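Data first, discussion second: the structure below is written as structure tokens.
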Amino acid sequence: MAVPMRRPAAVLFDVLETLVQLEPLRQRFVEAGRPGHELELFFARMLRDGMAFTLAGEAPPFRAVAAAELALTTGLGPEPVDHILDGFTGLPLQPDAEPAFDLLADAGIPCYAFTHGSASVISSALDAAGIGHKLAGILSAESIASFKPPSKVYHWACREIGVAPEAAALVAVHSWDTHGALRAGLLAGLATRLEGALSPVVDRPHVVAARVDDVVEGFLA
């Protein structure tokens, strides 16, 4: 059962697709001689593999999982694979991300980037977008050799920021991520701009809205 709705003491933001856009990677696929639509296939397979490794006991680093799956999906060699993956460092911000940070800053609530990607890569992307200073920190589940969404990953993040799970909120555009957070005893908010609607087979988040900043407004109301 989900914890009761409350104003969170801290907010954890998923990063890939929630805070930053993957779309610019599509051009890198084309530059490497591959069709742009392989971006979605690669990303879905990469998440699948990372989650599977986590379930089996331990996940390799994000880039290792991504590089292996990208090579399998595209048939590309090491150099073009690196060219595509290097694009993660400069991904642009989603338009609803910075307004969400500003709402939390006005309310005095710290926010964190929370990813299974590389902390240094995510830091570079957020700094390039000019908003790295608006975050209290970046948490990468690489530190515990895991991908989301097992409960241990959310509990680790809460320990890192010194906030009890029931007082922390996870905000994401992936319903599997909010489902994991709810099962771990966190507050959760889903922005539906990626998936279009809430899947009927996941636990319902405390807040469901179209945009990330709308989700934050829901928690602050």
Side-chain angles (χ1 to χ4, degrees), residues 5-28 39-40 43 47 62 85-142 148-149 154 157-158 160-163 167-178 180-181 186-198 205-221:
M5 177 65 167
R6 62 181 291 181
R7 175 176 284 216
V11 175
L12 302 167
F13 285 98
D14 172 56
V15 176
L16 299 177
E17 296 186 301
T18 299
L19 296 183
V20 299
Q21 303 174 43
L22 295 183
E23 184 60 29
L25 293 178
R26 197 178 310 279
Q27 180 58 34
R28 289 182 175 247
L39 169 60
E40 284 81 7
F43 192 67
L47 288 178
F62 178 88
L85 295 182
D86 287 347
F88 276 95
T89 62
L91 295 175
L93 203 64
Q94 296 281 5
D96 53 357
E98 188 169 10
F101 298 159
D102 292 341
L103 285 168
L104 291 169
D106 291 343
I109 298 175
C111 59
Y112 300 80
F114 177 36
T115 181
H116 31 226
S118 165
S120 61
V121 169
I122 298 304
S123 178
S124 295
L126 296 177
D127 286 344
I131 51 84
H133 65 286
K134 296 191 175 186
L135 293 164
I138 297 174
L139 305 173
S140 171
E142 277 193 340
K148 294 181 283 182
Y154 302 94
C158 290
E160 289 292 299
I161 65 174
V163 174
L170 182 279
V171 176
V173 296
H174 305 281
S175 57
W176 57 261
D177 201 355
T178 58
L186 279 71
L187 301 160
L190 176 71
T192 59
R193 63 164 156 74
L194 177 67
E195 296 178 355
L198 180 66
H206 296 83
V207 181
V208 178
R211 292 166 48 98
V212 167
D213 51 344
D214 292 338
V215 170
V216 169
E217 284 189 340
F219 277 120
L220 297 179

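Treat the numbers as computed from the prediction; the structure is a model and nothing was measured.
- Side-chain atoms of Leu91 and Leu25, non-hydrogen and from C-beta on, do get closer than 4.5 Å to each other.
- Closest approach of Leu190 to Ser175, counting heavy atoms only: CD1-N, 3.8 Å.
- Between the CZ atom of Phe13 and the CG atom of Leu19 there is a distance of 6.5 Å, given to the nearest 0.5 Å.
- Using a 4.5 Å heavy-atom cutoff, the side chains of Leu93 and Leu126 are in contact.
- Every residue meeting the side chain to side chain contact (heavy atoms under 4.5 Å, CB included) condition with Ala181, not counting sequence neighbours, appears here in chain and number order: Tyr154, Leu170, Leu186, Ala188.
- Here the CG-CG distance, from Asp177 to Leu12, works out to 9.5 Å after rounding to the nearest 0.5 Å.
- By the salt bridge (Lys or Arg N to Asp or Glu O under 4.0 Å) test, Arg193 is found to be paired with Asp96, residues two or more places apart in sequence or in another chain being considered.
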Name each donor-acceptor pair under 3.5 Å that joins a side chain in residues 108-122 to protein atoms two or more places apart or in another chain, with its distance.
{"from": "Thr115", "atom 1": "OG1", "to": "Gly117", "atom 2": "N", "distance (Å)": "2.8"}
{"from": "His116", "atom 1": "ND1", "to": "Lys148", "atom 2": "N", "distance (Å)": "3.1"}
{"from": "Ser118", "atom 1": "OG", "to": "Ser120", "atom 2": "N", "distance (Å)": "3.4"}
{"from": "Ser118", "atom 1": "OG", "to": "Ser120", "atom 2": "OG", "distance (Å)": "3.0"}
{"from": "Ser118", "atom 1": "OG", "to": "Val121", "atom 2": "N", "distance (Å)": "3.4"}

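- The minimum heavy-atom distance between Pro205 and Thr178, with the atom names listed, is CG-OG1, 3.8 Å.
- With hydrogens and angles disregarded, a donor-acceptor distance shorter than 3.5 Å links the side chain of Gln94 to the backbone of Glu17.
- Counting heavy atoms from C-beta on, the side chains of Val212 and Pro99 never come closer than 4.5 Å.
- Partners of Glu160 by salt bridge (Lys or Arg N to Asp or Glu O under 4.0 Å), not counting sequence neighbours: none found.
- Every pair passing side-chain hydrogen bond (donor to acceptor under 3.5 Å, both in side chains) that includes a residue from residues 212-221 is listed here, sequence neighbours excluded: Arg211-Asp213.
- For the salt bridge (Lys or Arg N to Asp or Glu O under 4.0 Å) test, residues two or more places apart in sequence or in another chain that qualify with Asp102 are Lys134.
- The two residues Phe219 and Met5 make their nearest non-hydrogen contact at CD2-CE, 3.6 Å.
- When all heavy atoms of Asp14 and His174 are compared, the pair lying nearest together is OD2-CD2, 3.2 Å.
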